[in-house]
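Input: a single structure, listed below in structure tokens.
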Amino acid sequence: MVIPYKRSAYKLLHDGAIALAEIEGNGIKIDTVYLKKTIRKTEKRIQRLQTELEKGKVARTWKKVFGNKTNFNSNDQLGKILFEHMEIPCPERTKTGKYRTNEKTLMTVDHPFVEKYLQIKKLQKALTTYLRGIQKEVVDGFLHPFFNLHITRTYRSSSDSPNFQNIPVRDKELGNLIRKAFIAREGHQLVEIDYSGIEVAIAAAYHKDPRMIDYIGNPKLDLHRDMAIECYKLKSGQVTKDIRFYGKNCFVFPQFYGSMYTDCARALWGAIDTAKLCTKDEMPLKRHLQSQGIRELGDCNPQESPHKGSFEYHIQQVEKAFWGKRFKVYAQWKKKWYQKYVSRGWMLTKTGFICQGFMKRNEVINYPVQGSAFHCLLWSLTRLVRELKKHKMKTLIVGQIHDSILADVPAKELDDFLMLANTVMTTQLTNEWKWINVPLEVEAEVCPIGGSWSEKEEKEIPK
DNA sequence: AAACAGTGCGCG
DNA sequence: AAAGCGCGCACTGTTT
């Protein structure tokens with residue numbers, strides 16, 4: 001349970017709810033012709049792949065085994081076929097003992113059937129959850145997703161009917177397919193403004209670790225790069241953009257969320273092959289690690305201590321230094337914060353909410369940060385809606401995704417809007433909430449006039 | 001027919 | 001002591 005504790009906390013949600021209702025009312029314009037066409041095309045594509053799949057040997061076995069109960073959508077059936085009838089060793093079980101058949105597990109099964117199966121599954125997701133999911137909620141060419149403030153345990157928002165906060169973007173093909181349906185109004189363009197690293201910045205308000213505050217405030221410092229160097233035992237000149245990416249997403253963020261070195265080691269090691277990582281001087285990373293005396297990953301079993309010389313052992317050492325030396329103050333804060341929760345059963349967030357009830361250690365550490373980070377966006381969003389009206393601007397806010405705002409902007413207002421959003425989200429917010437102890441930054445992505453959300457490109461914010 | 005748990009997968 | 005946090009939606013298979 002999270003409850004408003006201070007009057008200001010109540011007001012934040014009250015004003016936020018009104019602003020979000022207005023955003024829901026505005027709605028996002030949908031290219032209904034494209035949507036209809038794409039649904040038809042995708043259905044055909046799935047059908048073609050399905051027919052091909054059913055011609056294969058595996059599918060024939062499947063039909064023989066399950067007869068008229070055959071259902072190619074059934075994970076239970078898939079597991080039985082692969083791991084019983086085809087006698088492929090099952091790499092992982094679910095917590096209830098079923099065969100695990102998610103993408104990650106199936107990727108380890110090297111079989112043409114599995115490849116095609118996953119392709120179909122991906123398209124199916126695009127069709128049912130997104131293309132059709134959007135279509136059924138469109139009214140007069142506009143989509144009006146709900147944004148809730150009363151659902152989540154952390155006091156983030158959520159969105160439904162349809163969920164506007166999980167539209168594909170990481171997978172380029174899927175992202176383009178779906179986001180082409182989201183368009184700007186006549187003579188307008190879609191603009192997205194994101195906070196950069198808001199959770200990391202807001203965490204600093206809780207732990208106040210001086211080295212972290214340095215990293216956030218000093219543009220010459222780069223934590224993700226530094227950690228990539230340590231994890232892969234590199235010299236600073238050897239780091240590529242890719243390597244930095246995996247340092248960030250396989251070590252730094254998982255560590256902040258409470259992951260263990262075992263998971264980090266596995267992910268960092270796996271990335272070397274899947275992303276074919278090489279140093280800047282074009283040395284394959286596995287070979288580089290070999291030259292540093294590391295030849296194997298290790299068992300990555302949390303119950304056993306790792307062997308010296310394994311990659312797992314090395315990452316354990318990196319983790320130790322990360323919390324024991326580099327971010328000592330942050331580590332102490334985590335310990336103290338958790339102990340305090342255990343002894344009194346509740347905690348107070350920076351934005352004035354009480355979190356109470358049973359929580360695990362990682363939840364106690366993460367909830368207040370996640371909630372307050374979103375509240376930065378909520379406050380800014382509310383202020384922005386008000387400012388747009390005050391200046392009689394035609395820009396409409398049409399959506400929100402935890403740390404970003406989507407607006408539908410008349411071409412003429414683009415620069416004004418970018419500057420206004422920037423001021424509200426950085427300067428005005430930090431003036432209002434003095435507990436924010438690091439500078440905040442935003443980034444803008446802009447779509448072409450009359451274009452779709454799939455065409456967003458980074459743009460410098462004018463001063 | 002409706003509700004539930006379980007699984008998988010999309011996002012921050 | 002626990003083992004990465006938060007959501008919504010589609011679907012299967014079972015229970016009410």
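The figures here come from the full heavy-atom set of this structure, side chains too, leaving out hydrogens, waters and symmetry mates. Sequence lines set the chain letters: A, B, ... in the order given, protein chains first and strands last, and positions in each chain run from 1.
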Answer with base, sugar-phosphate or nothing: what part of the nucleic acid does [X] contact at a heavy-atom distance below 4.0 Å?
| X | result |
| --- | --- |
| E103(A) | sugar-phosphate |
| S159(A) | sugar-phosphate |
| N166(A) | base |
| Q370(A) | base |
| T262(A) | nothing |
| I365(A) | nothing |
| K136(A) | sugar-phosphate |

Query - Distance flag, aromatic centroids of W346(A) and Y341(A), threshold under 6.0 Å - result: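 So the answer is no for these two rings.
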Query raised in the report: In residues 249-257 of chain A, which residues come under 4.0 Å of DNA chain C by heavy atom?
Result: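 Those residues are Y257(A).
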Requested in this report: Using only heavy-atom distances, determine whether the side chains of T51(A) and E54(A) contain a donor-acceptor pair under 3.5 Å.
Outcome: no
Query raised in the report: Between Y34(A) and S452(A), does any side-chain donor sit less than 3.5 Å from a side-chain acceptor?
Result: no
Query - Geometric class of the F322(A)/F256(A) ring pair [parallel <30°, tilted 30-60°, perpendicular >60°] - result: tilted
Report task. Return no unless some side-chain N or O of T94(A) is found under 4.0 Å from OP1 or OP2 of dT7(B). Result ->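 So the side chain of T94(A) is within the cut-off, an N or O lying under 4.0 Å from OP1 or OP2 of dT7(B).
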Query raised in the report: Looking at T129(A), does any N or O in its side chain come under 4.0 Å of the phosphate oxygens OP1/OP2 on dG8(C)?
Result: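 No, outside the criterion.
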Query raised in the report: Looking at V385(A) and A19(A), what are the two nearest heavy atoms and their distance?
Result: CG2-CB, 4.3 Å
Report task. Quickly work out the D403(A) CG to dC11(B) P distance and round it to whole Å. Result -> 14 Å
